[in-house]
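Here the structure comes first, spelled out in structure tokens, and everything after it is commentary.
In what follows, residues are counted from 1 in the order of the sequence shown. No experiment lies behind these values; they were computed from the predicted model shown.
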Amino acid sequence: MSMQQGPALWPKGVIVPLATLITETEQLDRHAFEELLSLQLDNGVDALFVLGSVGEGPMLADSVRLDVVRAAVGFANGRAPVFAGVMDNSVALVLERIKRIAEAGAQAAVTTLPYYGWYNNEESAREFFFSIADASPIPIIAYNLPRVTGVSLSYEVLRDMAQHPNICSVKDTRADLESMRAAAAMPERKGRMSYVAGNSAFAGELMACGGDGVVSVLGNFFPELLAALYKAHQANDAPRVADISAILAGLSKVLSLPTTPGGVKCALELRNIGTSRTIRPWPKVLPEHKAQIVQLIDTAKAAFNVLSN
């Protein structure tokens, strides 16, 4: 397993934010979900991240959220750690969710800034994460997700968070490559807080700057590609990293057909894992979306096969 001991936990390597495969009544489809977990573990994924954005975590019923964590922890059975999303709008609510997922076996909690009515202030951001980390029974992974929260964590806030013994990592998902490079190379976080890129097309470059891994929803249906990216990085094979990154950039178009959960679940359905059913009111995957997804996957597979031969 590609994990190392740091102050608490040191997430690195390939981490996949998993889709939550559901029944018609929006309960966990445990059989399909275990097939998804098996696909990940069989392809050397280093950690499993449930209840994130693609996992529709904020939209699931509380009982379903806990079912997802228990199912992932039980099936993984120590082969890979399980991280769980706990996005909410106050310290108290986040800590309440963390207590529940910790009792269900999650080994780290992934949380963003509040996504409703947030007061955009650096000191408030520090207080939010430090208050949660101070009281959490499990390590915290800070999730920088400005697309949802409307705010990006600054270099200074990330630097200060790296000093907290219970903040073990930051998942950085933004489109600002220069800021991401600076965070990946940050000297103050070395040995204290890992840095994993949430933008798979940038991951190779950010790992070269000092980043520790990649968190990519594309791993749901193509974990082999992410594993190959990380292996190429470890081998210092920059041309191969660039070639795989280009394939990932093209494949990422799946995530807008019509939504990230819908596109990912449709791609999984094409691998005979679950269905493209999403939590209402997400728009349904239409036949034209499926046709485009098939084409994107076929193109990615063909390009990857060329690299592998």
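The backbone N or O of Met161 lies less than 3.5 Å from no partner atom in the side chain of His164, so there is not a single donor-acceptor pair. A distance-only check finds no donor-acceptor pair linking the side chain of Asn43 to the backbone of Pro223 [under 3.5 Å]. Looking only at distances, a side-chain donor or acceptor of Ser194 sits under 3.5 Å from a matching main-chain atom of Pro11. A donor-acceptor contact shorter than 3.5 Å is absent between the side chain of Gln40 and the backbone of Leu18. Of the possible donor and acceptor atoms, none in the side chain of Ser179 sits under 3.5 Å from a partner among the backbone N and O of Asp176. Put simply, the side chain of Ser245 gets close to the backbone of Val241: a donor and an acceptor are under 3.5 Å apart. For the pair Gln292 (side chain) and Glu288 (backbone), a donor-acceptor distance under 3.5 Å is present. Between the side chain of Ser276 and the backbone N or O of Cys266 there is no donor-acceptor pair closer than 3.5 Å. Between the side chain of Arg189 and the backbone N or O of Ala184, at least one donor-acceptor pair lies under 3.5 Å. A donor-acceptor contact shorter than 3.5 Å links the side chain of Ser252 to the backbone of Ala249.
Residues Val294 and Leu286 fall into different hydrophobic clusters, defined by Ile, Leu, Val, Met, Phe, Trp and Tyr side chains chained together at heavy-atom separations under 4.5 Å. Val86 and Leu93 end up in different hydrophobic clusters when Ile, Leu, Val, Met, Phe, Trp and Tyr side chains are linked at under 4.5 Å. The hydrophobic cluster containing Val285 does not contain Val217, counting ILVMFWY residues as joined when their side-chain heavy atoms lie under 4.5 angstrom apart, directly or transitively.
Of the inter-residue distances, the one linking Leu60 atom CG with Ile279 atom CD1 reads 5.0 Å to the nearest 0.5 angstrom. Here the SG atom belonging to Cys168 is positioned 6.5 Å from the CZ atom belonging to Phe83, to the nearest 0.5 angstrom. Between Leu206 atom CG and Arg181 atom CZ the span is 7.5 Å, to the nearest 0.5 Å. Here CD1 of Ile297 is found 14.0 Å from NZ of Lys253. Values are rounded to the nearest 0.5 Å. The structure places NZ of Lys231 at 14.5 Å from CG of Leu226, a figure rounded to the nearest 0.5 Å. Rounded to the nearest 0.5 Å, atoms OG1 (Thr112) and CG (Leu145) are 6.5 Å apart.
A salt bridge (Lys or Arg N to Asp or Glu O under 4.0 Å) check over residues 49-64, counting only residues at least two apart or in different chains, returns the pairs Glu56-Lys265, Asp62-Arg65, Asp62-Arg97, Asp62-Arg100.
No close placement of the Phe33 and Phe75 rings is indicated, their centers lying 6.0 Å or farther apart.
Shown here for Ala106 and Val73, the closest heavy-atom pair between the two residues is N-CG2, 4.0 Å. Closest approach of Asn199 and Met180 over heavy atoms only: CB-CE, 4.3 Å. In terms of heavy atoms, Val45 sits closest to Ala47 at CG1-O, 3.2 Å. The two residues Asn272 and Glu35 make their nearest non-hydrogen contact at O-OE1, 3.7 Å. Nearest heavy atoms, Leu21 versus Ala32: CD1-O, 3.5 Å. Contact detail for Asn166 and Ala133: the closest heavy-atom pair is ND2-O, 3.0 Å.
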### Message
side chain to side chain contact (heavy atoms under 4.5 Å, CB included), that's the test. Do Ile98 and Thr111 meet it? Break it down for me.
### Response
CA-CA 9 Å; Ile98 289 176; Thr111 189; 5.8 Å; no
### Task
For Phe129 and Leu158, run side chain to side chain contact (heavy atoms under 4.5 Å, CB included): C-alpha distance rounded to whole Å, both residues' side-chain angles, the deciding distance at 0.1 Å, then the answer.
CA-CA 10 Å; Phe129 280 108; Leu158 292 174; over 6 Å; no
#### Entry: Test side chain to side chain contact (heavy atoms under 4.5 Å, CB included) applied to Val214 and Ile15, step by step
CA-CA 6 Å; Val214 56; Ile15 303 169; over 6 Å; no
### Query
Ile247 and Thr299: side chain to side chain contact (heavy atoms under 4.5 Å, CB included), yes or no, with the steps?
CA-CA 9 Å; Ile247 297 172; Thr299 299; over 6 Å; no
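Under 4.0 Å is where a charged nitrogen must lie from a carboxylate oxygen, and between Arg126 and Glu123 at least one such pair does. For Arg79 and Asp42, the salt-bridge test fails: no basic side-chain N is under 4.0 Å from an acidic carboxylate O. Between Arg70 and Asp67, at least one side-chain N (NZ, or NE/NH1/NH2) sits under 4.0 Å from a carboxylate O, which counts as a salt bridge.
Pro146 places a side-chain heavy atom less than 4.5 Å from the side chain of Asn144. In this structure, Leu113 and Phe128 have side chains that are in contact, with non-hydrogen atoms separated by less than 4.5 Å. Residues Glu188 and Tyr155 meet the side-chain proximity criterion, which asks for heavy atoms closer than 4.5 Å. Residues Ser169 and Tyr195 fail the side-chain proximity criterion, which asks for heavy atoms closer than 4.5 Å. Annotation: side chain of Thr149 is not in contact with side chain of Tyr143 (no heavy-atom distance under 4.5 Å). Between Asn89 and Val94, every side-chain heavy-atom pair lies at or beyond the 4.5 Å cut-off. Leu255 has its side chain out of reach of Val54: every pair of non-hydrogen atoms, C-beta onward, lies at least 4.5 Å apart. The shortest side-chain heavy-atom distance between Asn220 and Val16 falls under the 4.5 Å cut-off.
There is a side-chain donor-acceptor pair under 3.5 Å between Glu122 and Ser154.
More than 12 non-hydrogen atoms from other residues, nucleotides or ligands lie less than 6.0 angstrom from CD of Gln27. Counting heavy-atom neighbours within 6.0 Å of Glu127 CD, excluding the residue itself, gives a total of 12 or less. Enclosure of atom NZ in Lys190 by more than 12 non-hydrogen atoms of other residues, nucleotides or ligands within 6.0 angstrom is indicated.
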